[in-house]
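Numbering starts at 1 and runs along the sequence shown. This is a predicted model, so every value here is computed, not measured.
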Amino acid sequence: MADLMRPIPFSELLARISGEFRNHDSIFSIHKDQFYKDNGKKKVKVFSETASTPMGPAAGPHTQLCQNIVASYLVGARFIELKTVQIMDHLEIAKPCIDARDEGYNVEWSTEYTLEKAYDEYLKAWIVLHIIESAAENKVIEKPSFIFNMSCGYNLEGIKQEKMQIFIDSMIDSGKKPLFDEYINEAKAMVSDGLFDGSDWEGREEKVLKTIDNISKNICHSVTVSTMHGCPPKEIEAICSYLLTEKKLDTFVKLNPTLLGYDTVRKVLDDLGYGYVVLKRESFEHDLQLADAKAMLHRLVDLAKKEGRKFGVKLTNTLGNVNPQDVLPGDERYGSGRILLPLSSRVALILSEEFDGTLPISYSGGVSALSVKDLFEIGIHPITLATDMLHPGGYTKMKQLCEICNESSLAWEKETIDISKLRKFVEKVSDPKGIAGKEFRGTKSAKVGTPLSLFDCYVAPCVEACPIHQPIPEYVALAGEGRMAEALSLIYTSNALPNITGWICDHQCQNHCTRMDYEGPVEIREVKRVCAEKGFAEYKDVMWENPGEPTDVKAAVIGAGPA
């Protein structure tokens, strides 16, 4: 796989999207059956804007390229936190830079693109999503269902540099750059020339063209401030103040789990089974302290009110720790995913108690299908994720989280934090046997030994681990639907002895089951046994419905034991 990312021209992106949808009913390999469908009724408020789901990708690997942003949108993301940009925009990032075997670790920070290329990707995504939303919903879009939130850092001096000023101002008003009109005209020409011909979206061109005319040049109304670990409190406050007063942006400030203090974080990690994660006490001492953070946040809340803007916190940043260098380069790595869940929620509780639940919280700390409902009903939103989408299931996990949130009837109008519920949630995720404990996930890996190909790289690890490569996902799915005879018939295509292997197989498939990243591996051998027992009678009736005339031919198996 190539080390460098190269942008795809706007017209080629549209052609790729429409061509794949026409020929394969998918976009960027996400089938239309997996597209999230807005119910059109519920919306969640994020500062002065609204989104049709409270979910989205966190600033990271899923918001660096236009195609990643589009993929996230298709599965339900409606709050798009764009990849962080900063003045140093010619970074050489050593690879690999992400390790997500269980909890996540990374050594990358801001975008690998220059500021100009980053803006180009975000602008392309902004326009493409309007087109997709209009075509998919077959209506003219006056106001999109999604929000773009830019993320920038890492110090005020850098933010005030000309290149950063051009980037921020262009995200606030893309009319300042001729590229906006260039892409709008390209899009209109391609739609008029039959972009959707032969697809489900054919005949919707008129509504899409009207939508394109409605696309706002104001891509971002809000920003998330990201600072380096160890950034002085005065610097953090100065950046937020500048963005609130000078740029007139609603602002989230990203805070670190180090606010809890070394001893607390060390105890939480040890209790949950992450004792192997090595922390440095001095990292905590050099970082923002809790008392300073509380005082700073009160001042910024007051300043935002004075300026007629909105202010909140993003919880949390990653957790810096000593890199054992078994996978990633460098001396330090940054922890994310499940390891952050008990830490980020603790920070949320402390700050919510300080502000009586009125401080808005944007959350990104190990959220999954097992925790998203609790977080949403507590009043925390938007909720963003990155690490969990790097696990098996990928982008489609976002759809699952959106659907879970959609089931909640009370949380959509909630604009304050339910401190009592949050306190119970912190207790829940502090249980070593619970969803945040290392023991919950276990130590086995679903990884297979075959090399990763450049294209068509998807494989089912359970199938690869099976010596006879049985179609395991397919027969498990059939069994789950109660179609035992069909499941057994499928098993027989590669396994003549399911009654035996359903009992005594050493089931290497289960040791490589991707459900380890959810609730634990599927009991594949047991499913096979049940299919053999329950499905045989029905299978026999179907397969031997016309057995033909009986014959006198007899057969014996040599070497089949006492028989």
Side-chain angles (χ1 to χ4, degrees), residues 47 59 81 84-88 109-110 149-161 164 168 222-266 279-307 309-321 332 334-336 340 343-356 358-365 417:
F47 290 154
E81 188 182 78
T84 307
V85 297
Q86 49 116 1
I87 190 63
M88 293 169 58
W109 29 316
S110 58
N149 170 261
M150 73 174 122
S151 176
C152 66
Y154 289 98
N155 59 41
L156 185 56
E157 181 184 358
I159 287 173
K160 286 186 173 181
Q161 295 296 311
M164 278 293 290
I168 294 171
S222 63
V223 62
T224 295
V225 175
S226 184
T227 58
M228 298 297 289
H229 293 270
C231 184
K234 287 184 178 179
E235 181 73 11
I236 299 171
E237 186 169 355
I239 297 170
C240 294
S241 299
Y242 174 77
L243 294 170
L244 286 165
T245 59
E246 299 296 323
K247 297 301 179 183
K248 306 297 182 185
L249 288 165
D250 295 335
T251 303
F252 286 114
V253 61
K254 190 180 288 186
L255 299 178
N256 298 334
T258 50
L259 283 173
L260 298 171
Y262 175 87
D263 292 326
T264 296
V265 173
R266 181 72 273 163
L279 307 174
K280 289 184 177 180
R281 187 179 288 274
E282 54 265 35
S283 298
F284 287 74
E285 293 169 348
H286 295 157
D287 223 337
L288 179 66
Q289 300 300 298
L290 184 58
D292 294 332
K294 288 179 178 179
M296 175 188 77
L297 294 176
H298 276 291
R299 289 192 295 270
L300 289 170
V301 166
D302 292 341
L303 177 63
K305 287 178 182 175
K306 179 183 174 184
E307 295 292 326
R309 308 311 311 172
K310 302 291 184 181
F311 176 78
V313 293
K314 175 68 184 279
L315 303 179
T316 63
N317 206 343
T318 49
L319 177 67
N321 61 95
E332 188 174 35
Y334 303 97
S336 62
L340 285 182
L343 303 177
S344 300
S345 57
R346 269 177 170 74
V347 177
L349 177 59
I350 290 170
L351 296 181
S352 294
E353 289 174 336
E354 176 70 19
F355 286 86
D356 295 323
T358 62
L359 184 68
I361 295 176
S362 172
Y363 188 88
S364 183
I417 305 298

**Student:** Show your working on side chain to side chain contact (heavy atoms under 4.5 Å, CB included) between Ser110 and Val85 and close with a plain yes or no.
**Tutor:** CA-CA 5 Å; Ser110 58; Val85 297; 6.0 Å; no
**Student:** At their closest point, which heavy atom of Ile159 faces which heavy atom of Gly153, and how far apart are they?
**Tutor:** CG1-O, 3.9 Å
**Student:** Roughly how far, to the nearest 0.5 Å, is CD of Gln86 from CG of Asn155?
**Tutor:** 8.5 Å
**Student:** When you check the gap from the basic side-chain N to the acidic O, do Glu332 and Lys280 get nearer than 4.0 Å?
**Tutor:** no
**Student:** Please report the shortest heavy-atom distance between Tyr154 and Thr84, naming the atom on each side.
**Tutor:** OH-CG2, 3.8 Å
**Student:** How many angstroms lie between NE2 in His229 and CG in Asn317, if you round to the nearest 0.5 Å?
**Tutor:** 4.5 Å
**Student:** First locate atom CG of Asp292, then atom CD1 of Ile236, and finally report the distance between them rounded to the nearest 0.5 Å.
**Tutor:** 9.5 Å
**Student:** Sub-3.5 Å donor-acceptor pair from the side chain of Asp287 to the main-chain atoms of Gly230, do we have one?
**Tutor:** yes
**Student:** Find the distance between OG (Ser222) and NZ (Lys310) and round it off to the nearest 0.5 Å.
**Tutor:** 13.0 Å
**Student:** Can you find a pair of side-chain heavy atoms, one from Leu351 and one from Leu315, that are under 4.5 Å apart?
**Tutor:** yes
**Student:** Between Ser344 and Tyr363, is a side chain to side chain contact (heavy atoms under 4.5 Å, CB included) present by the stated rule, with each step listed?
**Tutor:** CA-CA 8 Å; Ser344 300; Tyr363 188 88; 3.5 Å; yes
**Student:** Report the residues that fulfil side-chain contact (heavy atoms from CB on, under 4.5 Å) with Pro232, sequence neighbours left out, ordered by chain and then residue number.
**Tutor:** Glu235
**Student:** Got a sec, which residues hit salt bridge (charged side-chain N to carboxylate O under 4.0 Å, His left out) with Asp356, two or more places apart in sequence or on another chain?
**Tutor:** none
**Student:** Where the side chain of Glu81 meets the backbone of Ala59, is there a donor-acceptor pair that is under 3.5 Å apart?
**Tutor:** yes
**Student:** If you apply the rule side chain to side chain contact (heavy atoms under 4.5 Å, CB included), what do you find for Leu260 with Val347, and how did you get there?
**Tutor:** CA-CA 7 Å; Leu260 298 171; Val347 177; 3.8 Å; yes
**Student:** Is there a side-chain contact between Ser241 and Leu300 (heavy atoms, below 4.5 Å)?
**Tutor:** yes
**Student:** Are more than 12 heavy atoms, taken from residues, nucleotides or ligands other than Glu157, located less than 6.0 Å from that residue's CD atom?
**Tutor:** no
**Student:** I'd like to check the ring pair (Phe, Tyr, Trp, His ring centres under 6.0 Å) partners of Tyr262; sequence neighbours left out, ordered by chain and number.
**Tutor:** Phe284
**Student:** Given 3.5 Å as the limit, does a donor-acceptor pair link the side chain of Thr264 with the main chain of Gly261, or not?
**Tutor:** no
**Student:** If every non-hydrogen atom of Gly312 is compared with every non-hydrogen atom of Phe47, which pair is closest and at what distance?
**Tutor:** N-CZ, 3.7 Å
**Student:** Looking at OG1 of Thr227 and CD of Glu237, how far apart are the two atoms once the value is rounded to the nearest 0.5 Å?
**Tutor:** 12.5 Å
**Student:** What heavy-atom pair brings Leu319 and Asn321 nearest, and what distance separates the two atoms?
**Tutor:** O-ND2, 2.9 Å
**Student:** Heavy atoms only: give me the nearest Val301-Phe355 pair and the separation to one decimal.
**Tutor:** CG2-CE2, 4.0 Å
**Student:** Could you pull out the closest heavy-atom pair between Ile361 and Ala348, with the gap in Å?
**Tutor:** CD1-CB, 3.9 Å
**Student:** Is there a donor-acceptor pair under 3.5 Å between the side chain of Tyr334 and the backbone N or O of Ser336?
**Tutor:** no
**Student:** Mind running side chain to side chain contact (heavy atoms under 4.5 Å, CB included) on Leu288 and Thr258 for me, showing each step along the way?
**Tutor:** CA-CA 8 Å; Leu288 179 66; Thr258 50; over 6 Å; no
**Student:** Between the side chain of Gln289 and the main-chain N/O of Ala291, is any donor-acceptor distance below 3.5 Å?
**Tutor:** no
**Student:** Who are the salt bridge (charged side-chain N to carboxylate O under 4.0 Å, His left out) partners of Lys294, not counting sequence neighbours?
**Tutor:** Glu354
**Student:** Going by the rule ring pair (Phe, Tyr, Trp, His ring centres under 6.0 Å), which residues pair with Phe311 if we only count those two or more places apart in sequence or in a different chain?
**Tutor:** none
**Student:** Does any pair with a residue in residues 238-262 pass salt bridge (charged side-chain N to carboxylate O under 4.0 Å, His left out), and if so which ones, sequence neighbours excluded?
**Tutor:** Asp169-Lys247, Lys248-Glu307, Asp250-Arg309
**Student:** Mind checking whether Leu303 and Cys240 have side chains closer than 4.5 Å, heavy atoms only?
**Tutor:** no
**Student:** CD1 of Ile239 to NZ of Lys160: how many Å apart, nearest 0.5 Å?
**Tutor:** 10.5 Å
**Student:** Applying side chain to side chain donor-acceptor pair (under 3.5 Å), run through Thr224 and Ser151 and close with a yes or a no.
**Tutor:** CA-CA 5 Å; Thr224 295; Ser151 176; 5.5 Å; no
